[in-house]
Amino acid sequence: MEILDLHAVPAVPIPAHGSTGFTAAHVLRGETAAVTVLRVAAGGEIGTHPAVGDQLLIVLSGEGEVRAAGGPWFPVGPGQAALWKSGEPHTTRATSDLTAVAVESDHLITGA
């Protein structure tokens, strides 16, 4: 077993797609899945981009809003998640400092 300190994983600023106040720390990367800690400063945004594979955004702390394909904004906070399907354009913005985990894989299925 290995205990990971997610605060110690190097975070890289991501300016792509017009993003502002956004950093990503890659925790795990494999051939079919990736887990990344995302941090977005209050007022910052992860610019609109297509999901590379199915993408689950799990909010750990802070608050923000998400949308798909230029549609309406939906509020998200701790304990909530957004799921985008592969290729779906989406945007995330923070209304307060937001920390989330992104899980990317092919064919994610909700357990609801």
Enquirer: Where do A34 and R29 come nearest, in terms of heavy atoms and distance?
Expert: CB-NH1, 2.5 Å
Enquirer: When rounded to the nearest 0.5 angstrom, what distance separates CD in Q55 from NZ in K85?
Expert: 12.0 Å
Enquirer: Compute whether any side-chain donor of one residue and acceptor of the other, for T32 and S105, lie under 3.5 angstrom apart.
Expert: no
Enquirer: Can you find a pair of side-chain heavy atoms, one from L60 and one from V101, that are under 4.5 Å apart?
Expert: yes
Enquirer: Is there a donor-acceptor pair under 3.5 Å between the side chain of H49 and the backbone N or O of G47?
Expert: yes
Enquirer: Taking D54 for its side chain and D106 for its backbone only, find out whether a donor-acceptor pair lies under 3.5 Å.
Expert: no
Enquirer: CG/L56 to CH2/W84 distance, rounded to the nearest 0.5 angstrom?
Expert: 9.0 Å
Enquirer: At their closest point, which heavy atom of M1 faces which heavy atom of I3, and how far apart are they?
Expert: CE-CD1, 3.9 Å
Enquirer: Roughly how far, to the nearest 0.5 Å, is the CG atom of L28 from the CD atom of E104?
Expert: 12.0 Å
Enquirer: Can T99 and L38 be said to form a side chain to side chain contact (heavy atoms under 4.5 Å, CB included), step by step?
Expert: CA-CA 6 Å; T99 300; L38 308 178; over 6 Å; no
Enquirer: Quick one: pull up CZ in F74 and CZ in R67 and give me the separation to the nearest 0.5 Å.
Expert: 11.0 Å
Enquirer: Would you name the heavy atoms of T20 and G43 that are closest together and state the gap between them?
Expert: OG1-O, 4.4 Å
Enquirer: Do you know which two heavy atoms are closest between A41 and A94, and how far apart they sit?
Expert: O-CB, 3.4 Å
Enquirer: Which heavy-atom pair separates A25 from A11 by the least distance, and what is that distance?
Expert: CB-CA, 4.0 Å
Enquirer: Are any side-chain N or O atoms of H17 and backbone N or O atoms of P15, one a donor and one an acceptor, separated by less than 3.5 Å?
Expert: no
Enquirer: If you measure from OG1 on T92 to CZ on F22, what distance do you get to the nearest 0.5 Å?
Expert: 8.0 Å
Enquirer: Working note: T91 + I46, criterion side chain to side chain contact (heavy atoms under 4.5 Å, CB included); need CA distance, chi angles, decisive distance, verdict.
Expert: CA-CA 6 Å; T91 312; I46 301 173; over 6 Å; no
Enquirer: Would you say V59 and W73 are hydrophobically clustered, going by side-chain heavy atoms of ILVMFWY under 4.5 Å?
Expert: no
Enquirer: Walk me through whether V27 and L6 qualify under side chain to side chain contact (heavy atoms under 4.5 Å, CB included).
Expert: CA-CA 8 Å; V27 178; L6 299 182; 3.8 Å; yes
Enquirer: Search all heavy atoms of A24 against all heavy atoms of T36 and return the closest pair with its distance.
Expert: CB-CG2, 3.9 Å
Enquirer: Say whether V37 and V103 are linked into one hydrophobic cluster, either directly or through other cluster members, by side-chain heavy-atom distances under 4.5 angstrom.
Expert: yes
Enquirer: Going through the checks in order, is the side chain to side chain contact (heavy atoms under 4.5 Å, CB included) test met by T23 and I14?
Expert: CA-CA 6 Å; T23 64; I14 308 291; 5.9 Å; no
Enquirer: For E63, is there any backbone N or O sitting under 3.5 Å from a side-chain donor or acceptor partner on T95?
Expert: yes
